[in-house]
Amino acid sequence: MSEEVAAVAGGVIGVVAILLLIGIGVYILRKRFCFSSQYEEFFNQVPPTHTEVIAVDKDSMSLGTHNKDAVMKHVPFIVPPKFRGRDWIGLGNGERIQDDSEPYTAPDFLPRSSFCSLGGAYVVGSINPALYKFPEENEETDFPEGNIGRIWFAVEYELETERLVVSLMKVRNLQFGSDSCNPFVKIHLLPDERRHLQSKTKRKTVNPQFDETFVFQVSGKTVHQRTLRFSIYHVDKIKKHHLLGQVVFPLKNESLTDDENVVIWRDLELENLEPPSEYGNIQFSLSYNDYLGRLTVVLLRAKGLQFLEERGVISSAFVKVSFMNHNKLVKCKKTAAICGTANPVYNETFSFKVEHIGLDTASLSLAVYQNAQGEN
């Protein structure tokens, strides 16, 4: 009994399989037959009668027959058949519009399509693609006389994460004595001189391509008070850095939160080496902690101090820092006195308590004092 059931089941499965194969074969044949007939019918509505194109020459503005070489430089401008009967142009210089008996046929160099074999299409002119090309960018080739280099970058500020994102693209036309230049870029977010971000070093090129991104964490309240400085250096065989040029980019009037990341380019400038003043210079840094309401002054050093000469007396110098509000003295602090040098190094830090709203009316005064040894 089980053998009979198995035989019947096997026969049914075999019949179903044969019917399925027959159905698939019929579907494939029908699909091929239908698509082939549609293709032939679509492309043979109007048989081509000739391979000449009637077009309007741009220079002479008259209709005529062009050979293949002439048509290669123009793209035919065609009015579809559904717009026939409309007066598109005033025919006054011997021009004419094709009759229905002169269907447009695409030349051999154009790709075949359903549009090329439409009957009754009117050729009313031609377009020269060369007239519509965008002018080539000459930012990388048009350098003014005396140019020492050019840098491309983009700046964007992310409000949610309080991140200033700087994209460094490239530098071109670096002025170096040979092609063995090994450039890299340092990026400072001024007034912070102590911290910087640095790109990778490119080998033996005066046109380095960087394509690097750098991120500074900075509050949205102060970002427009900051300034970016790009410094381009060459590193030699003994790892010594030589400044090739720099760009200072203030963020004060820049729109940093736009959706479009605009690429900016600037010409490099030589380092601004201001001559020392008559009595010397002081180097210091300022920072403000908004959370603590604290202004910090770091006295680094003084350079080129001019002491009053006194015979037999060794002079020393100290710096007095005065914090004022509305031009009234609030607190005064001073450094230790450094003896026997016109370039004293202090490296001392002073802090003053001031609320954020009081910064506009606050001011600092730094003064260098000279005293003889033994004086207070």
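FYI, side chains are in, hydrogens and waters are out, and symmetry mates aren't considered; it's all heavy atoms of this structure. Model, not experiment: these values are computed from the prediction. Residues take their numbers from the sequence shown, with the count starting at 1.
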J.: Quick one: sort the Y288 and H356 rings into parallel, tilted or perpendicular, breaks at 30° and 60°.
T.: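 The rings of Y288 and H356 sit tilted, inter-plane angle from 30° to 60°.
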J.: Is R163 reaching over with its side chain to a backbone N or O of E156, donor-acceptor style, under 3.5 angstrom?
T.: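 Such a contact is absent between R163 side chain and E156 backbone.
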J.: Ignoring hydrogens and angles, tell me if any N or O in the side chain of Q198 forms a donor-acceptor pair with the backbone of V185 under 3.5 Å.
T.: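 No, because the side chain of Q198 does not come within donor-acceptor range (under 3.5 Å) of the backbone of V185.
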J.: Between R229 and E193, what is the shortest heavy-atom contact and its length?
T.: NH2-OE1, 2.9 Å
J.: Rounded to the nearest 0.5 Å, what's the gap from OG on S219 to CG on L164? Could you check?
T.: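 Those atoms lie 12.0 Å apart.
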J.: Say whether, by atom type as modelled, one donor and one acceptor occur between the side chain of K333 and the main chain of S351 under 3.5 angstrom.
T.: yes
J.: Between E145 and N147, is there a side-chain donor-acceptor contact under 3.5 Å, judged purely by atom types and distance?
T.: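 No, no side-chain donor-acceptor contact under 3.5 Å.
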J.: Looking at every non-hydrogen atom in both residues, tell me the closest pair between R226 and P191 and how far apart they are.
T.: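 Distance-wise, the nearest heavy atoms are NE-CD, 3.5 Å.
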J.: Does NZ or CZ of K353 lie under 6.0 Å from the centre of the six-membered ring of F323, at an angle within 45° of the ring axis?
T.: no
J.: Measuring from atom NE2 of H188 to atom CZ of F216, what distance do you get when rounded to the nearest 0.5 angstrom?
T.: 8.5 Å
J.: If we check side chain to side chain donor-acceptor pair (under 3.5 Å) with Q209, which of these qualifies: D211, N207, T205?
T.: D211
J.: I'd like to know if the side chain of T335 reaches the main chain of V319, judged simply by a donor and an acceptor atom lying under 3.5 Å from each other, with no hydrogens or angles considered.
T.: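 Yes, the answer is positive, given that a donor and an acceptor are paired below the 3.5 Å cut-off.
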J.: Establish, yes or no, whether a centroid distance under 6.0 Å links the rings of H234 and F184.
T.: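 Between F184 and H234, which both carry aromatic rings, the centre distance is not below 6.0 Å.
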J.: Counting only heavy atoms not in Q217, do more than 12 fall under 6.0 Å of its CD?
T.: yes
J.: Compare all side-chain heavy atoms of V345 with those of I338 and state whether any distance is below 4.5 angstrom.
T.: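 Sidechains of I338 and V345: no contact.
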J.: Report yes if the side chains of S180 and R203 come closer than 4.5 Å at any heavy-atom pair, otherwise no.
T.: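 They are not in contact (no side-chain heavy atoms under 4.5 Å apart), so the answer is no.
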J.: Within the side chain of N289, is there an N or O that forms a donor-acceptor pair under 3.5 Å with the backbone of G293?
T.: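 Flag not set: sc N289 to bb G293 has no pair under 3.5 Å.
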J.: Are F318 and Y346 an aromatic pair by the rule of ring centers under 6.0 Å?
T.: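 No.
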J.: Looking only at heavy atoms, what is the nearest atom pair of G304 and N343, with distance?
T.: N-OD1, 2.7 Å
J.: Could you give me the CA-CA distance, side-chain angles and deciding distance for Q225 and T222, then say whether side-chain hydrogen bond (donor to acceptor under 3.5 Å, both in side chains) is met?
T.: CA-CA 5 Å; Q225 303 172 12; T222 61; 5.7 Å; no
J.: Determine whether F352 and R294 make a side-chain contact, defined as any pair of heavy atoms from C-beta on separated by less than 4.5 Å.
T.: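 No, too far: nothing below the 4.5 Å cut-off.
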J.: Looking at side-chain heavy atoms only, is the closest gap between L268 and L174 below 4.5 Å?
T.: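 SC-SC contact between L268 and L174 confirmed.
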J.: Does the separation of the ring centres of F249 and F230 fall below 6.0 angstrom?
T.: no
J.: How about CD on E269, more than 12 heavy atoms from neighbouring residues, nucleotides or ligands closer than 6.0 Å, or not?
T.: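 Not more than 12 within 6.0 Å, no.
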J.: Enter the distance from C181:SG to K204:NZ here, rounded to the nearest 0.5 Å.
T.: 12.0 Å
J.: Grouping I, L, V, M, F, W and Y whenever their side-chain heavy atoms are under 4.5 Å apart, do L197 and V247 come out in a common cluster?
T.: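 Result: yes, single cluster for both.
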J.: Rounded to the nearest 0.5 Å, what separates atom NZ in K303 from atom CG in L305?
T.: 11.5 Å
J.: Please determine if R301 and E348 form a salt bridge, counting it only when a charged side-chain N lies under 4.0 Å from a carboxylate O.
T.: no
J.: In terms of hydrophobic clustering (I, L, V, M, F, W, Y; side-chain heavy atoms under 4.5 Å; direct or indirect links), are F153 and V218 co-clustered?
T.: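 The answer is yes; both residues are in one hydrophobic cluster.
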J.: Measure the shortest side-chain to side-chain distance between S231 and H241 over non-hydrogen atoms and say whether it is less than 4.5 angstrom.
T.: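 Heavy-atom side-chain distance check fails, nothing below 4.5 Å.
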J.: Just by distance, with hydrogens left out, do K186 and Y233 show a side-chain donor and acceptor under 3.5 Å apart?
T.: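 No, no side-chain donor-acceptor contact under 3.5 Å.
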J.: Side chains of W265 and I151, heavy atoms from C-beta outward: is any pair under 4.5 Å?
T.: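 No; the side chains remain at least 4.5 Å from each other.
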J.: Is there a path from L292 to V298 through hydrophobic residues (I, L, V, M, F, W, Y) whose side chains come within less than 4.5 Å of each other?
T.: no
J.: Determine, using the 4.5 Å side-chain heavy-atom cutoff (strictly less than), whether I187 and V248 are members of one ILVMFWY cluster.
T.: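 Looking at the clustering, V248 is in a separate group from I187.
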J.: Can you see which heavy atom on I232 is nearest to which on P183, and at what distance?
T.: CG2-CB, 4.5 Å
J.: Against F214, only a single residue in V165, L228, L168 fulfils side-chain contact (heavy atoms from CB on, under 4.5 Å); can you say which?
T.: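 Answer after filtering V165, L228, L168: L168.
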J.: To the nearest 0.5 Å, tell me how far D360 CG sits from N325 CG.
T.: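 Going from CG on D360 over to CG on N325, the span is 10.5 Å.
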J.: I'd like to check C332 versus K320 (side-chain heavy atoms, cut-off strictly below 4.5 Å). Are they in contact?
T.: yes
J.: Any donor-acceptor pair under 3.5 Å linking the side-chain atoms of T201 with those of N182?
T.: no
J.: Distance from M324 atom CE to T361 atom OG1, nearest 0.5 Å?
T.: 11.5 Å
J.: Can L189 be reached from L159 by stepping across I, L, V, M, F, W or Y side chains whose heavy atoms are under 4.5 Å apart?
T.: yes
J.: Would you say that V155 contacts L251 through its side chain, given a criterion of any heavy-atom pair below 4.5 Å between the two side chains?
T.: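 Counting from C-beta outward, V155 and L251 do come under 4.5 Å.
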J.: Minimum heavy-atom separation for Y157 to E162, with atom names?
T.: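 For Y157 versus E162, the nearest heavy atoms are OH-CA, 3.2 Å.
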J.: Should we say atom CG of L21 is surrounded by more than 12 heavy atoms from elsewhere, each under 6.0 Å from it?
T.: yes
